[in-house]
Structure formats: structure tokens, C-alpha cells
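Take a look at the structure set out below.
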Amino acid sequence: MPPEAERLVVDRALCIGSGLCAATAPRHFLLAADRRSIARPDAGAPDADAADAMALCPVEAISLVPGAGAAPA
């Protein structure tokens, strides 16, 4: 059985809505109406842009977790 793919998750309680993730990796993140980030469930596997967005997050609200399912909103 192949290992589960990793997916991005944004801790919306930590997110301050800087928008750096959405600007850096728009395929992976979008800003909700409240200006906090959401990981796009349709983005596919995280790539270098997603890694850059994780590194740039000023509050470290983005993480990778096991599983290929849709990210919680």
C-alpha cells in the first residue's frame, strides 16, 4: 500500500491574514472573506511554492499532515 500523500493545513486560529501564502502559492491557498487563509483542497500535492509559503508565514500557521483528503476549512 503506498504511503498517504501529505496535505497542507492552515490553523485558522493562528492565521493573521497577512496574505503571504496566497501571494506566494495561489494554487495552494486562498483568503476567505475574513481575510484568513484556507488551504485549497483541489491544489494537489504540495510543491516548492507551498514550502516557500510555509516558511514565509509570520505565525507558522501552515503545516503538512498525512492524508490526501480535503483540508478542513
Side-chain angles (χ1 to χ4, degrees):
M1 180 175 270
E4 289 187 80
E6 291 183 313
R7 64 182 173 91
L8 295 161
V9 174
V10 177
D11 183 336
R12 291 180 43 81
L14 287 177
C15 181
I16 60 171
S18 72
L20 288 171
C21 58
T24 303
R27 188 184 110 191
H28 294 282
F29 302 97
L30 57 89
L31 296 180
D34 64 1
R35 303 290 302 155
R36 289 186 287 165
S37 182
I38 297 172
R40 297 176 64 109
D42 60 344
D47 58 14
D49 289 341
D52 288 345
M54 287 178 62
L56 289 170
C57 180
V59 294
E60 298 179 357
I62 304 168
S63 58
L64 282 173
V65 299

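What you see below is based on every heavy atom in this structure, not just the backbone, and it leaves out hydrogens, waters and symmetry mates.
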For [X] and [Y], work out which heavy atoms get closest and say how close.
{"X": "A53", "Y": "A25", "value": "CB-CB, 4.2 Å"}
{"X": "P46", "Y": "E6", "value": "CD-O, 3.4 Å"}
{"X": "A39", "Y": "V10", "value": "N-CG2, 3.9 Å"}
{"X": "D47", "Y": "H28", "value": "OD1-NE2, 3.1 Å"}
{"X": "E60", "Y": "L14", "value": "O-CD1, 4.2 Å"}

Taking R36 for its side chain and I16 for its backbone only, find out whether a donor-acceptor pair lies under 3.5 Å.
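Judged by distance alone, no pair lies under 3.5 Å.
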Rounded to the nearest 0.5 angstrom, the SG-CG distance for C21 and D49 is 12.0 Å
Answer yes or no: is there a side-chain heavy-atom contact under 4.5 Å between T24 and F29?
no
Counting C-beta onward and ignoring hydrogens, is there a side-chain heavy-atom pair between L20 and P58 closer than 4.5 Å?
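Answer yes - side chains close enough.
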Would you indicate whether R27, at its atom CZ, is surrounded by more than 12 heavy atoms from other residues, nucleotides or ligands within a distance under 6.0 Å?
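More than 12 heavy atoms, drawn from other residues, nucleotides or ligands, come within 6.0 Å of this atom.
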Audit row: L64, L8, side chain to side chain contact (heavy atoms under 4.5 Å, CB included) steps and yes/no:
CA-CA 5 Å; L64 282 173; L8 295 161; 3.5 Å; yes
